[in-house]
Amino acid sequence: MKKVNLKKNDQVQVLTGRNRGARGRVLRVMADQGKAIVEHVNMIKRHTKPNPGKNIQGGIVEREASIHASNVQLVCPECGTQTRVGHKILGDGRKVRICRKCEGVVDK
Ligand SMILES: [Zn+2]
């Protein structure tokens with residue numbers, strides 16, 4: 001199984017599909033499925049039933065569907081480009097992800 005190098009709140013860029021080139025924030029990572037949900041990416045329409053008890057109006061709502069983690073790439077917070085992810089052990093023993101392009105630390 002391929003490891004997912006993404007984390008919640010990461011900024012990512014979409015590599016394939018109809019949202020190709022779009023950037024968004026990772027809302028959720030499903031590591032066991034190798035998938036992630038990215039804000040405003042891969043929107044699908046869902047028909048919902050009204051539920052007055054929960055104050056939910058019925059109708060069509062748009063929400064994000066998961067996309068495969070291999071279809072997105074991390075956007076480095078330091079240099080702002082999409083990059084592959086490397087790893088590095090810091091002086092204090094923390095393992096962090098780094099940008100392969102600028103060597104900047106992705107995890108603060
Ligand atoms: Zn970078």
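Just so you know, these numbers come straight off a predicted model, no measurement behind them. Numbering of ligands and ligand atoms starts at 1, following listing order.
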Next item on the list: List the steps and the verdict of side chain to side chain contact (heavy atoms under 4.5 Å, CB included) for V96 and V106.
Entry: CA-CA 7 Å; V96 293; V106 175; over 6 Å; no

Next item on the list: For side chain to side chain contact (heavy atoms under 4.5 Å, CB included), just list the numbers for V26 and N9, CA-CA rounded to whole Å, side-chain angles, deciding distance to a tenth of an Å, and then say yes or no.
Entry: CA-CA 5 Å; V26 175; N9 293 327; over 6 Å; no

Which donor-acceptor pairs under 3.5 Å do the side chains of residues 47-64 make with protein atoms, sequence neighbours left out?
unit_1: T48; atom_1: OG1; unit_2: G59; atom_2: O; d: 3.1
unit_1: N51; atom_1: OD1; unit_2: G53; atom_2: N; d: 3.2
unit_1: N51; atom_1: OD1; unit_2: K54; atom_2: N; d: 3.4
unit_1: E64; atom_1: OE2; unit_2: H40; atom_2: N; d: 2.8

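For residues 14-28, every residue pair satisfying the salt bridge (charged side-chain N to carboxylate O under 4.0 Å, His left out) rule, not counting sequence neighbours, is listed here: R25-E39. Pairs engaging residues 70-89 under the salt bridge (charged side-chain N to carboxylate O under 4.0 Å, His left out) rule: E78-K108 [sequence neighbours left out].
Here D107 pairs with K7 in a salt bridge; the nearest charged N to carboxylate O distance falls below 4.0 Å.
Here 4 is the count of protein N, O or S atoms positioned under 2.8 Å from the Zn ion (ligand 1), waters not counted.
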